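Presented below is the structure to which this report refers.
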Amino acid sequence: MPELIEVEVYRGVADLAIGRTVAAVEAPDAWFLKGGITAADVAAAIEGAAVAATDRIGKLLLLDLGPDRPTLGLRFGMTGRLVLDGNTPIQRLEYSSGRDDPAWDRFALRFTDGGRLRMQDPRRLGGVQLDPDLGLLGPDAWTITLGELRAALGRSSAPLKARLLDQSRVAGLGNLLVDETLWRAGLDPARPAGSLDATELRRLHRTVRSTVQLLFDRGGSHTGDLQVERRWDGRCPKDGAPLQRRTVGGRTTYSCPVHQLAAA
DNA sequence: ATTGTGGCCTGCCCGC
DNA sequence: TGCGGGCAGGCCACAA
């Protein structure tokens with residue numbers, strides 16, 4: 001599913017729209033428009049504007065439409081794809097479909113040059129927003145600093161995994177990426193977030209950043225070493241132990257009971 | 001404030 | 001062959 005890695009790839013797609021002018025907005029699905037806006041609102045706000053720049057914070061993709069225009073915020077949920085002029089860098093998403101049914105087009109920008117940037121989302125878990133509140137997002141996981149991570153975890157008693165999934169604390173990590181990271185860092189997802197000592201915190205910090213980079217280089221959040229073992233009889237790729245399957249932070253969680261220790 | 005839970009969305013896959 | 005039920009997780013509303 002789209003975590004920050006996939007959204008960064010989508011950003012690359014959106015970059016190809018820079019300099020192009022929005023001729024029309026297609027918003028056939030009112031549910032997909034968030035924050036109480038209508039299709040007419042969006043059209044009035046951005047038609048005639050050109051895409052000036054793109055940005056990404058966590059899983060949120062931003063289209064800067066120039067001064068005096070609202071910024072367009074695109075969220076992809078877990079099944080959303082971005083397609084430009086019929087091309088998409090990601091054909092098949094984990095837990096989604098590889099088909100391209102026109103009925104799944106939830107939002108699109110039609111450009112004056114005839115091109116079209118569209119969001120395709122079978123399950124309608126994504127959405128579009130004008131001027132999204134960036135203050136609701138924590139620092140981006142890809143570039144988070146040690147101090148920022150320390151602050152994000154705080155003295156919390158919530159499970160470590162839950163804090164890492166909380167987009168207001170750390171932006172961009174999803175279920176697969178968190179499981180892979182904690183597996184690599186040798187930390188139990190259920191540990192209280194505030195229980196890490198300085199050594200563990202440093203290890204987690206390095207591992208978050210390196211895991212995002214590694215999986216990006218490999219081509220997606222689903223390319224982690226733990227991924228293929230996410231099944232009932234999965235085994236730890238490090239030590240061969242049967243993996244533990246639990247719900248932590250409300251999410252299906254796989255971890256190794258041998259090397260992902262509950263405490264230092 | 002913090003933490004946990006349940007619901008929403010709907011395609012897909014499994015078992016009958 | 002069709003059908004029902006469970007499952008996936010990002011996000012949000014709500015409860016304690």
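This one's a predicted model, so the numbers in the text were calculated from it and none came from an experiment. Chain identifiers are assigned alphabetically (A, B, ...) following the order of the sequence lines, protein sequences preceding nucleic acid strands; residue numbering begins at 1 within each chain.
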Would you indicate which nucleotide in [options] comes nearest to any side-chain atom of [X]?
X: A:Pro159; options: B:dT3, B:dG4, B:dG11; result: B:dG4
X: A:Arg163; options: C:dG9, C:dC11, B:dT3; result: B:dT3
X: A:Arg123; options: C:dG10, B:dG11, C:dC11; result: B:dG11
X: A:Arg245; options: C:dG9, C:dA8, B:dG4; result: C:dA8
X: A:Arg169; options: B:dG4, B:dT2, C:dG9; result: B:dT2
X: A:Leu165; options: B:dC9, B:dG11, C:dG10; result: C:dG10
X: A:Lys59; options: B:dG11, C:dC11, B:dT10; result: C:dC11

How close or far is atom [atom2] of [N] from atom [atom1] of [X], stated in whole angstroms?
X: A:Asp105; N: B:dG11; atom1: CG; atom2: P; result: 14 Å
X: A:Asn175; N: C:dC7; atom1: CG; atom2: P; result: 15 Å
X: A:Asp166; N: B:dT3; atom1: CG; atom2: P; result: 9 Å
X: A:Asp121; N: C:dG10; atom1: CG; atom2: C1'; result: 10 Å
X: A:Lys34; N: C:dC11; atom1: NZ; atom2: P; result: 11 Å
X: A:Trp232; N: C:dG6; atom1: CH2; atom2: C1'; result: 18 Å
X: A:Met78; N: B:dC8; atom1: CE; atom2: C1'; result: 13 Å
X: A:Met119; N: C:dG10; atom1: CE; atom2: C1'; result: 13 Å

side-chain N/O A:Thr252 vs C:dG9 OP1/OP2, d < 4.0 Å
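It does, given that an N or O in the side chain of A:Thr252 lies less than 4.0 Å from OP1 or OP2 of C:dG9.
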Distance below 4.0 Å between A:Thr79 side-chain N/O and B:dT10 OP1 or OP2
no
Quick check: any donor-acceptor pair below 3.5 Å linking the side-chain of A:Arg251 to the base of C:dG10?
yes
If you pin A:Ser157 and A:Trp31 to their nearest nucleotides in DNA chain B, which one's is more 5'?
A:Ser157
Which sits closer to the 5' end of DNA chain B, A:Leu125 or A:Gly250, going by the nucleotide each is nearest to?
A:Gly250
Distance-only side-chain donor-acceptor flag, [X] / [Y], under 3.5 Å:
X: A:Arg230; Y: A:Tyr254; result: no
X: A:Thr54; Y: A:Asp15; result: yes
X: A:Ser195; Y: A:Arg191; result: yes

Please report the shortest heavy-atom distance between A:Val170 and A:Ala152, naming the atom on each side.
CG2-CB, 3.7 Å
Does the distance from a Lys or Arg side-chain N to an Asp or Glu carboxylate O, for A:Asp85 and A:Arg118, drop under 4.0 Å?
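The answer is no: the pair does not qualify as a salt bridge.
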